[in-house]
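Structure first, then comments.
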Amino acid sequence: MKFGKRLKQHVQETLPGWRDMYLNYKDLKKLVRLISSSLEYGKSEAEFVYLLNNEIEKFNVFFMEQEEDFIIRHKELQQRIKRVNESEQSSEGEYEEEMAKIRKDMVDFHGEMVLLVNYSNINYTGMAKILKKYDKQTGGLLRLPFIQKVLEQPFFTTELISKLIKECETTMDVLFPTVVVTEEMNDAMIMMAGEGIFRNTVAALVTMKEMRKGSSTQSHFSLPALNLPDSEIIRAFQLKSPIPII
Amino acid sequence: METQQALSIQRSDATQLSNHGTTRSLSSPFPVHHSTSEEKQPRLLDSQQSSTNGTVGHIFSSSSGTSSDLHFSTVSPNETSKKSPFTTQSSGVLRSTAFRQFLKENNSNSWSTDSLSDFLDFPENSPIKSSNLQPTDNGACDLPPVDFPKPNDWQDWADQLITDDDATTPNWNDILVDDTEPKMELQVGGSSTNSLELKQLVPSSPMTSIPSSCGSGSQSKPRMRWTPELHEAFVEAVNKLGGSERATPKGVLKLMKVEGLTIYHVKSHLQKYRTARYKPEPSSDGLSEKKPTPMQDLSSLDLKTSLEMTEALRLQVEVQKSLHEQLEIQRNLQMRIEEQGKYLQMIFEKQCKFGIDHLKASSSFTLEKSEAELTNEISSSPVLTETDPVKIGSPCEEASSKVAKKQELEVEVEPSESQPSKRAKLNESSTESS
């Protein structure tokens, strides 16, 4: 039940428009239980597969929509930067102001893209788990071939998004002036971590860490535990979170 | 017919692909949306190549010119035997043709040969398929639970298989080569076969048309996967037409001259584009509303605050970067795990078959021999060496458990922290754990 709980938590904390787009892990689990005790093996498997394929379709549709949006926004941000740099009539103040806006937007944009990759990964993990459960409980051989198919789905092939993310990072390296950080800044920053996309990404990181803690079925096939640098931000977030993270 | 031709055109390119494992030959015949981001793709392909090379090569060499079921089934023992235990288990229940379809679709990329034999055995499959697909708005299918939402492409091929044995052989080879393609290419519906063919002609604007899984009849609604290059072409066209407000979908479509692109695609994309321009980065969480201080006053505010802001942003980026990094690592691991599983499964079944043959001869000598061979093969396999608990058909299981026991006795097993699974742990012995 660990994954299920984590998934539920994550869905609660994620962006509002995304909540319905995640895997229906709980329902699928129930179905697997049902199937393992039913006698109508062949037909139930067909239904199970049908549902899984529906889920995949859901992921694909959502993922590609988002991807399209990101492509557009990416280009737009680049245009904005170009325009700001080229317009020489604006004053220093206006320039700074516009750049600040662009910086903020860029960072949030970066965050959203990372969250989409996270979305993809969580759903994949869920699928792998539910298939494993299915095989285990019904003695089927569905997992291996099915997961091969999943690996090739658009929602899992996140290369383009990763590329956009890296491009974003390169641009940001240029955009962000280097400043020395003081202690007061740290507190302000921790406060800001409680809001917006930043909050979502920190939450996702924490969730990921939790998901990869040792499970009862840990094997050589399991992913190793996640070792994150013990950042203050993450700790602060964990303290702030109303959901008890064990 | 059309499909057939389309695929046979690409055959030569596809053949190259399987031999060289490059993406370049891919990008022209087959729409690959990330043909430009080749960094990751070749690696993925290469890794897949290395694990499936045997299979693909095997089938290529032996399937030339023949179309008999028997031949196909012997060609790829791993494929067939993978399927047969499964069917043996549920043999009592699943004689329905619909279920067979499910099976086939599940063994997607590696299903060509065994599904071929199935198709030929059950000609009644095709009529069932053709009647059941109903296009809906966003491409999702409302299908009766038993049937399967799949593109009518397979219908066409099924028809062809039943009617025209010889001609289908080359198709299956092509599909096999598609093994290394992203699955979305195979979900091509009727409408997008155009894009398949014409990809060769218009290589400069890489586009992937991914129809919804119910491809039949929904020619106007195939799902499109946009790329930055395609978007660039779009923007250029829009600018030529006087900007996003003045440009019309029809005009843009005409200017772009990208085959397979429909006005529906352009329309929805244009809508998104307009929204993005006139409401730049609305900060989806509404964070901007939380800040009461209007941006104009930023310059007059404490310099410290603006620095704090920038630093906060920087920190946010760091967190996001590390999340992304972790996600990439995780994804790579997951892919490798599955690849391993596939490889081991193949090896195992090979040996299984080999083992059965020797069991029939029932000599302990041969069993030891097969076990030694198995040990050799497994020890030469890459790092992760434990298969997923794979339950195999009964004849196999006997052989494997015997082999497993012998191996466990003979080979030193490093005690792993993992809980032993309940199934045949054939490969436990070969685990030289990391």
Side-chain angles (χ1 to χ4, degrees), chain A residues 41-42 46-47 49-50 57 61 64 68-69 71-73 75-76 93 96-97 100 103-105 107-108 110-111 114 117-118 121 139 141 144-147 149 151-154 157 159-160 163 165 172 176 179 181 185 188-189 192 195-198 201-202 204-205 208 218-221 223 233, chain B residues 34 37 40 86 90 93-94 99 102 106-109 138 140 145-146 148-149 182-184 210 213 223 225-226 228 231 272-273 276 280-281 283 285 287 295 298-299 307-308 310-317 319-320 323-324 326-327 330-331 333 335 337-338 341 345 384 386 388 391 418 433:
Chain A
Y41 183 66
E47 286 205 38
V49 168
Y50 173 75
E57 181 63 14
V61 168
M64 289 194 283
E68 189 179 345
D69 278 331
I71 290 174
I72 296 177
R73 277 160 73 182
K75 186 103 195 353
E76 277 314 296
E96 266 311 312
E97 183 188 315
R103 266 187 230 121
K104 170 109 191 62
D105 289 340
V107 172
D108 278 347
H110 179 266
V114 175
V117 179
N118 185 51
N121 201 281
L141 275 182
L144 208 59
F146 199 87
I147 206 79
K149 175 176 126 168
L151 283 171
E152 289 159 353
Q153 295 298 308
T157 52
E159 284 90 359
L160 178 60
K163 183 171 143 215
I165 290 177
M172 286 192 290
F176 277 75
V179 173
V181 182
M185 283 186 185
M189 287 188 263
M192 284 182 155
E195 295 166 359
I197 295 280
F198 198 0
T201 47
V202 175
L205 206 46
M208 199 168 157
Q218 183 108 25
S219 66
H220 291 292
F221 267 155
L223 297 167
I233 283 283
Chain B
H34 42 259
S37 55
K40 298 254 165 89
F86 190 46
S90 41
V93 192
L94 57 76
F99 180 73
F102 276 95
N106 290 341
N107 298 337
S108 60
N109 283 331
N138 64 349
V146 177
F148 200 81
K183 172 75 164 107
M184 57 192 176
I210 302 179
S213 24
R223 181 144 300 282
R225 195 162 191 188
W226 283 82
H231 180 68
K272 288 187 191 245
Y273 184 67
E281 296 298 320
S283 236
D285 271 2
L287 180 57
M295 279 314 225
L298 190 64
S299 49
L307 283 176
E308 280 174 3
T310 316
E311 269 321 292
L313 288 178
R314 188 196 301 277
L315 197 66
Q316 184 176 346
V317 177
V319 169
Q320 286 167 183
L323 176 58
H324 184 227
Q326 292 300 330
L327 284 168
Q330 186 159 312
R331 182 166 172 259
L333 270 178
M335 293 195 309
I337 286 174
E338 293 310 326
Q345 167 85 331
L384 295 168
E386 184 182 343
D388 223 32
K391 191 166 176 189
S418 62
S433 320

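Lettering of chains follows the sequences in order, A, B, ..., and the numbering in each one begins at 1.
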Got a sec, which residues hit side-chain contact (heavy atoms from CB on, under 4.5 Å) with A:Asp69, two or more places apart in sequence or on another chain?
B:Lys272
What verdict does the side chain to side chain contact (heavy atoms under 4.5 Å, CB included) test give for B:Arg314 and A:Val107, after you've listed the backbone C-alpha separation in whole Å, the side-chain angles of each residue and the deciding distance to 0.1 Å?
CA-CA 8 Å; B:Arg314 188 196 301 277; A:Val107 172; over 6 Å; no
Could you tell me whether the side chain of B:Gln320 and the main chain of A:Thr201 form a donor-acceptor pair under 3.5 Å?
no
Quick one: does A:Arg103's side chain have a donor or acceptor within less than 3.5 Å of a partner on B:Leu313's backbone?
no
Can you list the residues that meet the side-chain hydrogen bond (donor to acceptor under 3.5 Å, both in side chains) rule with A:Glu68, with sequence neighbours excluded?
B:Trp226, B:His269
Looking at CG of B:Leu327 and CE of A:Met208, how far apart are the two atoms once the value is rounded to the nearest 0.5 Å?
4.5 Å
Which atom pair, heavy atoms only, marks the closest approach of A:Leu160 to B:Pro228?
CD1-CD, 3.6 Å
Which heavy atom of B:Ala276 sits nearest to which heavy atom of A:Glu76, and what is that distance?
CB-CG, 4.4 Å
Below 4.5 Å from any heavy atom of chain B, which atoms of A:Ile147 appear? Answer side chain, backbone, both or neither.
side chain
Rounded to the nearest 0.5 Å, the CG atom of A:Leu141 sits from the CD atom of B:Gln345 at a distance of 7.0 Å
Cut-off 4.5 Å, heavy atoms of chain B, and the answer for A:Ile165 is side chain
Distance col, row B:His324:NE2 vs A:Asn121:CG, nearest 0.5 angstrom, shows 10.5 Å
